[in-house]
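To start, the structure itself, in structure tokens.
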Amino acid sequence: MLKLADEDFRRLVTFIKNNYGIDLGKKKQLIVGRLSNTLSAMGIPSFKEYIDRIISQENPADIETMLNRLTTNYTFFMREESHFTFFTKTILPYLEQVKKDRVLSIWSAGCSTGEEPYTLSILLKEYFGTRAAMWDTRVLATDISQNALQAAQTAVYDKESLSRLPESWVRKYFCKTNEPGIYTVSPILKKNVIFRTFNLMDPIQFRLKFDVIFCRNVMIYFDQPTKSALIQRFYDATVPGGYLLIGHSESLERNSMDYHYVQPSVYRKPLKS
């Protein structure tokens, strides 16, 4: 296996953190393990030469490949199911009551390969039922990874990924492919998700503020100052009374933010008095 010198490790960690907010300062072995094959496939003999190439940013595809290798997360439909229960039983009834224009603004930030925004779309269709056509329920789904977004838009999943969904939902919202055990998302769900490339380090300047932001299992890669700055940007991009949901394994410093704690991994922006 290729050797990664401490100085080259620090250069790469600094570049990734400054540009993408991801802190890999304690992940030297992960970097070596996940990137060694990439270097071999590219015909690059050393990490020094590879890191020089990355930092020069001469080929954005190289950076895309690197980020995909270093941050890939396993996910599936209905992951951390209690969030979706809270969404259905608490958030949607509230939004149905207050959103007189019938336009919902929901953001899946760090959507990976699409399971989260498609799950949200299923829940929206199930909640509104025949009234769904009267509402704009489209979900914004963003990720920094072009590979992840391409997979999300292709929307092909195996049976294991769907295993936590009720069988009736699988029949209703998925289509079998010619390959056994492989499904694709139905057109009605695909049309309900808007996919965009977005770096969470960038200013949040979407047209609407958000009623709900899901950003789950993304900030595990961020150090505390980066996380705090992102939470403030989320807060500024949330409507009063709107919600932020983060991963079960994540936590926020409640005394240093403006969101109010609701329950573990659920936060809310106060309503204006």
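Below, all heavy atoms of this structure are taken into account, side chains as well, without hydrogens, waters or symmetry copies.
- Considering only residues two or more places apart in sequence or on other chains, Arg131 meets the side-chain hydrogen bond (donor to acceptor under 3.5 Å, both in side chains) condition with Glu96.
- Residues passing the salt bridge (charged side-chain N to carboxylate O under 4.0 Å, His left out) test with Lys28, sequence neighbours excluded: Asp6.
- By the ring-ring contact (aromatic ring centres under 6.0 Å, His included) test, Phe9 is found to be paired with no residue, residues two or more places apart in sequence or in another chain being considered.
- With sequence neighbours excluded, no residue forms a ring-ring contact (aromatic ring centres under 6.0 Å, His included) with His260.
- Every residue meeting the ring-ring contact (aromatic ring centres under 6.0 Å, His included) condition with Phe87, not counting sequence neighbours, appears here in chain and number order: Phe214.
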Listing, residues 196-206 side-chain donor-acceptor contacts under 3.5 Å, not counting sequence neighbours, or none:
residue: Thr197; atom: OG1; partner: Gln146; partner atom: NE2; Å: 2.9
residue: Asn199; atom: OD1; partner: Met201; partner atom: N; Å: 3.0
residue: Asn199; atom: ND2; partner: Asn19; partner atom: O; Å: 3.0

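- Under the rule for a salt bridge (charged side-chain N to carboxylate O under 4.0 Å, His left out), the partners of Glu80 that lie at least two apart in sequence or sit in another chain are Arg216.
- Salt bridge status for Asp8 with Arg11: present, with a side-chain N to carboxylate O gap under 4.0 Å.
- In the hydrophobic clustering (ILVMFWY side chains linked at under 4.5 Å, chained through shared members), Val239 stands by itself.
- Clustering of Ile, Leu, Val, Met, Phe, Trp and Tyr by side-chain heavy atoms under 4.5 Å joins Ile182 with Val156.
- In this structure, the ring-ring contact (aromatic ring centres under 6.0 Å, His included) partners of Tyr235, at least two apart in sequence or on a different chain, are Tyr259.
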Compile the donor-acceptor pairs under 3.5 Å between side chains in residues 162-172 and protein atoms, sequence neighbours left out, one pair per line.
residue: Ser163; atom: OG; partner: Glu160; partner atom: O; Å: 2.8
residue: Trp169; atom: NE1; partner: Glu126; partner atom: OE1; Å: 3.4
residue: Lys172; atom: NZ; partner: Glu126; partner atom: OE2; Å: 2.9

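- The salt bridge (charged side-chain N to carboxylate O under 4.0 Å, His left out) search around Arg53 returns Asp62, not counting sequence neighbours.
- Ring-centre distance between Phe174 and Phe77: below the 6.0 Å cut-off.
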